[in-house]
Amino acid sequence: MTTLEYDRLYIDGQWTAPATTERINVTEAATEENLGSVPAATERDVDAAVDAARRAFDDPDGWANWSPARRGEVLERFAAALESRGGETARRVSIQNGMPLWLAQNFEAGFPALLLRYYSGLVSSGQEEVRAGMLGKKSLVRREPIGVVAAIVPWNVPQAITFLKLGPALAAGNTVVLKPAPETVLDAFLMAEAALEAGLPPGVLNIVPAGREVGAHLVAHPGVDKVSFTGSTAAGRAIAETCGRLLRPVTLELGGKSAAIVLDDADLTATIESFFAATLLNNGQICWLGTRILAPRSRYDTVVDTVSGLASSLTIGNPLDPETKIGPLVSARQRERVESYIAKGRAEGGRVTAGGGRPAGLDRGWFVEPTIFADVDPKATIAQEEIFGPVLAVIPYDDEDDAVAIANDSEYGLGGSVWTADPARGAAFAKRVRTGTIGVNGYANDPFAPFGGIKASGMGRELGPEGLSPFQILKTIYLDEPNDPA
Ligand code: NAD
């Protein structure tokens with residue numbers, strides 16, 4: 001197989017020679033084969049990228065001061081260039097991180113263009129408002145771009161997560177330095193090709209593939225005005241500390257341990273596909289998945305049987321195979337982590353009712369069987385800590401108050417779902433759960449509505465009109481103009 005090899009970085013609107021010969025090697029999750037390599041950006045490359053973004057932002061005739069319509073034309077070309085690479089983008093994501101291709105075609109090929117267009121449309125009006133003042137004169141309230149944005153993303157849904165940031169940031173007139181995760185860098189180079197083809201002005205987008213130390217250098221860089229981070233809670237805390245010291249605005253989308261609460265009237269078999277999507281999608285590697293299944297004691301065995309039956313029925317295999325429902329985990333390290341949680345679940349008294357090991361016949365690749373634990377204590381490690389793999393804990397509850405108490409007894413608060421024959425009852429129950437987002441009989445992030453977490457799941461929101469404001473500052477100009485006569 002030919003490997004994908006890149007020898008330049010996309011900085012300042014062109015392919016730029018990296019500062020050193022350091023490389024990032026990428027491995028195929030399903031086969032452990034070498035997929036290719038790219039230059040590893042170092043601190044010097046980050047400095048060059050931030051300088052380019054700074055110059056582009058500070059240019060009085062540049063991107064930040066263009067009309068939204070003029071930026072929108074470029075972003076439309078960017079969207080079209082990304083769409084034309086959608087198939088290859090989906091394939092690259094899939095082979096790198098194990099995401100089933102059908103899912104990558106949906107999340108990774110489609111979302112970037114959709115989000116660029118959505119946010120370009122949102123900024124096309126309403127960015128300035130003249131208000132009558134209380135003191136007799138008018139004020140002009142403007143929404144201005146915040147400046148140079150450092151966008152740092154994880155490997156699990158790399159393209160969609162990147163455009164939750166790039167869509168609003170670029171549409172609002174900011175310039176961006178993007179740091180992809182080392183596990184998924186090959187899709188970022190397609191993005192760079194699309195940006196070049198679309199003619200994004202130099203410095204508007206710069207891409208620095210690197211690990212956490214170089215990421216930390218970017219976060220603390222004096223040329224950065226805003227940090228937008230998606231990743232683990234541990235990294236989020238470190239980044240928040242730096243940003244706190246620097247008084248630098250930061251948005252944090254972090255980990256989760258969300259509850260899928262099955263009410264006593266639910267027929268899970270009738271909604272089993274939605275239940276799969278809400279709990280085990282992307283091999284369990286999504287932050288908002290409901291990985292604690294709360295089941296009423298009166299129907300506990302039925303729920304355990306249904307969920308175990310689902311897990312045992314899922315086709316495990318190469319993510320490029322259209323039949324595959326569960327692909328491999330992203331890396332050997334991630335599989336070790338997931339397996340150590342399975343061992344801990346057993347040691348703490350959990351009963352494995354499906355999976356629990358590596359699938360037979362798949363000796364290469366970082367596969368783990370979808371695994372269901374029954375009889376899990378709400379305080380058990382596997383009921384409290386994020387595993388980030390296909391492992392679900394089924395926890396019994398006595399009544400609705402007990403279910404709410406267990407659901408809310410978590411360090412996290414990102415997603416969640418309620419399962420019931422009565423959607424109104426589900427919505428009423430959902431209001432009692434302390435979380436940033438929650439679905440009734442399913443879970444899907446609607447781009448028109450804000451997404452984000454509370455507690456250790458993060459700060460701030462992405463998506464919806466609310467996802468634009470973190471990339472804008474409000475400026476008020478007190479005008480020398482009297483209010484209009486009443
Ligand atoms: P990670 O935190 O290890 O890495 C995420 C990104 O941050 C990578 O690009 C990494 O290189 C970089 N990074 C790590 N430490 C850094 C630091 N101190 N300074 C700057 N950059 C740093 O997370 P991961 O293992 O790649 O991703 C999995 C985690 O991401 C899970 O916890 C998951 O829940 C979370 N996640 C959250 C969301 C959300 O929207 N809330 C979405 C996807 C993933």
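Values in this document were obtained by computation on a predicted structure and should not be read as measured data.
- No side-chain N or O of Ser331 forms a donor-acceptor pair with one of Glu183 less than 3.5 Å apart.
- Nearest heavy atom pair, residue Gly98 against residue Asn283, reads O-ND2, 2.9 Å.
- With 3.5 Å as the limit, one finds no donor-acceptor pair spanning the side chains of Asn97 and Gln285.
- You'll find the side chain of Pro100 reaches within 4.5 Å of the side chain of Asn282, heavy atoms only.
- For the residue pair Tyr412 and Glu386, no side-chain donor N or O sits within less than 3.5 Å of a side-chain acceptor on the partner.
- Residue Ile286 holds its CD1 atom at 6.5 Å from CE of Met99, rounded to the nearest 0.5 Å.
- In plain terms, the two heavy atoms of Val149 and Asn174 that are nearest each other are CG2-CB, 3.9 Å.
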**Message:** Quick one, Asn206 with Thr16, criterion side chain to side chain contact (heavy atoms under 4.5 Å, CB included). Give me CA distance, side-chain angles, the key distance, then yes/no.
**Reply:** CA-CA 10 Å; Asn206 309 272; Thr16 304; over 6 Å; no
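- Although no hydrogens or angles enter the test, the distance criterion places no donor-acceptor pair under 3.5 Å between the side chain of Arg55 and the main chain of Gly203.
- Ring geometry for Phe163 versus Phe78: interplanar angle of 30 to 60°, hence tilted.
- Minimum interatomic distance between Ala383 and Val376 (heavy atoms only, all atoms of both residues): CB-CG1, 3.9 Å.
- Judged by distance alone, the side chains of Ser228 and Lys165 do bring a donor and an acceptor atom under 3.5 Å apart.
- Side-chain atoms of Leu166 and Tyr119, non-hydrogen and from C-beta on, never get closer than 4.5 Å to each other.
- In this structure, Asp59 contributes its side chain and Ala56 its backbone to no donor-acceptor pair below 3.5 Å.
- The environment of Arg143 atom CZ is sparse: at most 12 non-hydrogen atoms of other residues, nucleotides or ligands sit within 6.0 angstrom.
- Using a distance-only test at 3.5 Å, with no hydrogens or angles considered, no donor-acceptor pair links the side chain of Thr324 to the main chain of Pro319.
- Put simply, the side chain of Glu28 never gets that close to the backbone of Leu35: no donor and acceptor are under 3.5 Å apart.
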**Item:** Step-by-step side chain to side chain contact (heavy atoms under 4.5 Å, CB included) determination, Gln105 to Leu101
**Value:** CA-CA 6 Å; Gln105 282 162 343; Leu101 185 63; 3.7 Å; yes
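- The only member of Val26, Ile24, Thr3 that meets side chain to side chain contact (heavy atoms under 4.5 Å, CB included) when paired with Leu186 is Val26.
- In this structure the side chain of Pro39 reaches within 4.5 angstrom of the side chain of Tyr6, judged on heavy atoms.
- Residues Ala278 and Tyr443 share a closest heavy-atom pair of CB-CB, 4.0 Å.
- Nearest heavy atom pair, residue Met191 against residue Ile207, reads SD-CD1, 4.1 Å.
- Using a 4.5 Å heavy-atom cutoff, the side chains of Asn445 and Phe107 are not in contact.
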**Message:** Evaluate Arg292 against Ile382 for side chain to side chain contact (heavy atoms under 4.5 Å, CB included), listing each step before the verdict.
**Reply:** CA-CA 9 Å; Arg292 294 184 289 149; Ile382 60 162; over 6 Å; no
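- Contact of the Phe373 side chain with the Leu392 side chain is not registered, since no non-hydrogen atoms from C-beta on lie closer than 4.5 Å.
- Between Trp155 and Phe388, the ring planes lie perpendicular to each other; the angle is over 60°, past the 30° to 60° tilted range.
- Between Leu320 and Ile95 there is a side-chain heavy-atom pair separated by less than 4.5 Å.
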**Derivation and outcome, salt bridge (charged side-chain N to carboxylate O under 4.0 Å, His left out), residues Glu88 and Arg92** = CA-CA 6 Å; Glu88 177 60 9; Arg92 284 195 190 183; 3.0 Å; yes
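- Residues Glu5 and Arg23 are paired through a salt bridge, judged by an N-O separation under 4.0 Å between the basic side chain and the carboxylate.
- The aromatic rings of Phe448 and Tyr118 sit tilted relative to each other, their planes meeting at an angle between 30° and 60°.
- Remark: Arg8 CZ is packed, more than 12 non-hydrogen atoms of other residues, nucleotides or ligands lying under 6.0 Å away.
- Counting heavy atoms of neighbouring residues, nucleotides and ligands inside a 6.0 Å radius, atom CZ of Arg364 exceeds 12 of them.
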**Request:** Report the C-alpha distance between Lys325 and Trp102 in whole Å, list the side-chain angles of each, state the deciding distance to 0.1 Å, and finish with yes or no for side chain to side chain contact (heavy atoms under 4.5 Å, CB included).
**Result:** CA-CA 9 Å; Lys325 285 289 195 308; Trp102 51 266; 3.9 Å; yes
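- Here the shortest heavy-atom pairing between Phe451 and Leu414 reads CZ-CD1, 3.9 Å.
- Contact of the His221 side chain with the Val177 side chain is not registered, since no non-hydrogen atoms from C-beta on lie closer than 4.5 Å.
- In terms of modelled atom types and a separation under 3.5 Å, the side chain of Arg461 and the main chain of Gly467 share no donor-acceptor contact.
- Using a 4.5 Å heavy-atom cutoff, the side chains of Leu281 and Phe276 are in contact.
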**Request:** Verify salt bridge (charged side-chain N to carboxylate O under 4.0 Å, His left out) between Glu76 and Arg117, making sure each step is shown before the conclusion.
**Result:** CA-CA 7 Å; Glu76 175 50 42; Arg117 291 188 177 121; 2.8 Å; yes
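- Using a 4.0 Å cut-off between charged side-chain N and carboxylate O, Arg54 and Asp47 make no salt bridge.
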